Engineer: 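Structure in structure tokens, see below.
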Amino acid sequence: MELRRLDLVLVTPLATATGTHRNRPVVLVRVETDDGGGDGECAALEKPKYTVEYADGAETVLAERLIPLLFGRAGRAAELGTAREARARLDVVPGNAMAKAALEMALLDAELRSRGRSLAAQIGVTRPRIPAGATVGLGAVSSVVAAARAAVEAGYKRVKLKIAPGRDVGPLVAVRRELPDATIVADANGSYDLSNPAHRAALLAIDSLGLAAIEQPLAARDLAGSARLVAELATPVILDESIDSPDTLEAALAVGACSGVAVKPARLGGIAAAVRVHDRCVGAGVHLSIGGMLEAGLGRAAAIAVGALDGFDLPGDLGASDRYFRPDITGPHELVDGELRVPTGPGLGVEIDREVVAAAAVRCRVFRPS
Ligand code: MG
């Protein structure tokens with residue numbers, strides 16, 4: 001196995017309620033098995049803000065715990081089994097969903113490539129394309145309006161506006177006035193507190209704007225508060241940070257804490273977990289939206305395939321490569337009539353551009369069986 005660290009820079013910095021993303025460190029996992037090779041991308045961000053995981057930590061956990069676990073006690077690359085079996089072995093390590101998801105992705109890529117099968121076909125996707133979404137960060141009202149308008153003019157089917165207390169109703173009203181027919185979602189990244197009267201008043205004002213959804217208004221652990229909002233607001237309440245595993249989804253469903261879920265395979269611990277969450281949400285009659293983690297081309301390919309499952313009824317976060325990286329680490333995901341093509345090649349369905357990876361790599365560690 002190879003663990004390669006890349007330091008990418010976002011085309012446009014993204015300001016959210018929990019901080020501004022400028023750099024996009026990427027940890028790539030490459031696995032070579034008897035059947036062939038595969039690649040996975042770790043979605044952990046630069047700093048432990050969106051969730052507790054972060055790129056440096058994920059890289060360390062992969063190197064010191066997860067990869068040695070797969071090599072086994074004797075340090076031999078013995079029977080890995082299927083990607084699913086290998087992934088299950090990682091559960092003795094608590095947390096670290098994104099690091100585990102990267103390994104699962106690499107193993108699954110190798111397994112599917114050896115069978116000439118695409119991830120989309122493997123999980124039962126039939127849609128050839130998904131609607132693309134654009135995310136606009138916090139900023140001055142005029143620049144938020146301009147960015148939202150540019151996204152709609154480029155063909156994006158949905159615009160997500162990042163909001164935070166005090167930076168919410170003003171820009172949302174301005175964007176709504178400028179783009180009366182656009183599908184708009186507001187994402188608060190957990191920054192509101194129902195015990196604060198000003199926050200509460202803002203949420204009620206936002207509810208009158210005809211948004212497609214409000215995402216993660218309250219702190220990730222405040223499922224009771226979120227349930228109150230589901231009951232009070234006409235706007236669907238989507239949970240993102242709150243849902244970090246199929247188990248937390250059960251806890252949220254039990255108290256009616258969400259009208260929908262933003263599914264991010266990496267945050268849930270991998271593709272198999274994401275498919276389970278999708279299936280459970282369909283059974284529970286909960287909306288589904290595919291989320292983005294500012295992934296580079298490989299992680300985005302996997303997310304697009306998952307987001308093409310039939311239950312996804314709300315447009316998601318995923319956009320074209322050139323919105324985020326120029327160049328991307330794979331062939332680009334391009335916008336076609338406001339949609340993204342579901343990759344259909346073997347494995348994750350895209351090929352890594354080794355030149356781009358080599359240019360962005362800052363270190364590489366190789367792990368071999370003894
Ligand atoms: Mg979100």
Side-chain angles (χ1 to χ4, degrees), residues 10 12-21 24 43-54 97-98 101 131-139 144 147-148 151 156-165 167-168 171-172 183-192 203 206 211-223 225-226 229-230 233 235-245 248-249 252 257-269 274 277-278 281 286-295 299-300 303-304 306-307 312 314-319 323-324:
L10 289 168
T12 309
L14 178 67
T16 78
T18 58
T20 298
H21 303 282
R24 195 2 164 165
L45 292 160
E46 185 181 27
K47 293 174 184 158
K49 288 183 171 177
Y50 166 76
T51 67
V52 297
E53 279 192 279
Y54 63 108
M98 297 178 196
T135 299
V136 175
L138 296 171
V144 168
Y156 281 94
K157 305 282 192 192
R158 186 223 63 183
V159 178
K160 173 189 278 189
L161 302 182
K162 293 291 190 180
I163 60 167
R167 310 174 76 182
D168 42 27
L172 285 170
T183 299
I184 299 170
V185 172
D187 185 359
N189 288 108
S191 55
Y192 291 74
L203 291 170
I206 291 167
L211 303 187
I214 180 164
E215 184 171 313
Q216 199 67 51
L218 309 180
R221 291 186 183 187
D222 190 4
L223 295 182
S226 193
L229 281 183
V230 169
L233 302 184
T235 309
V237 177
I238 304 288
L239 289 183
D240 174 356
E241 288 91 328
S242 292
I243 311 297
D244 61 5
S245 69
T248 54
L249 172 65
C258 57
S259 350
V261 172
V263 172
K264 296 182 176 171
R267 198 199 53 232
L268 294 167
V277 163
H278 162 272
C281 286
V286 165
H287 296 294
L288 282 159
S289 164
I290 186 71
M293 290 280 305
L294 305 173
E295 294 98 339
R300 192 169 305 231
I304 291 171
V306 171
F312 285 89
L314 296 176
D317 292 345
L318 303 175
R323 225 183 137 73
Y324 297 95

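Side-chain atoms are counted along with the backbone in the values below, which use heavy atoms only and exclude waters and symmetry mates. Because the structure is predicted, anything quoted here is derived from the model rather than measured. This chain uses plain numbering: 1 for the first residue, then up along the sequence. As the structure lists them, so they are numbered: ligands from 1, and atoms in each ligand from 1.
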Engineer: Could you give the distance from CG (Leu318) to CE (Met293), rounded to the nearest 0.5 Å?
Structural biologist: 11.5 Å
Engineer: Report the atom name of the nearest N/O/S atom of Asp187 relative to the Mg ion (ligand 1).
Structural biologist: OD2
Engineer: Where do Asp187 and Lys162 land on the salt bridge (charged side-chain N to carboxylate O under 4.0 Å, His left out) test, with the steps shown first?
Structural biologist: CA-CA 5 Å; Asp187 185 359; Lys162 293 291 190 180; 2.8 Å; yes
Engineer: If I consider every N, O or S atom in Asp240, which one ends up closest to the Mg ion (ligand 1)? I only need its name.
Structural biologist: OD2
Engineer: Distance to the ring centre below 6.0 angstrom and angle to the axis at most 45 degrees; does that hold for Arg323 and Tyr156?
Structural biologist: yes
Engineer: Could you point out which residue of Asn189, Thr16, Asp240, Thr18 forms a side chain to side chain donor-acceptor pair (under 3.5 Å) with Tyr50?
Structural biologist: Asp240
Engineer: What atom name does the N, O or S atom of Glu215 nearest to the Mg ion (ligand 1) carry?
Structural biologist: OE2
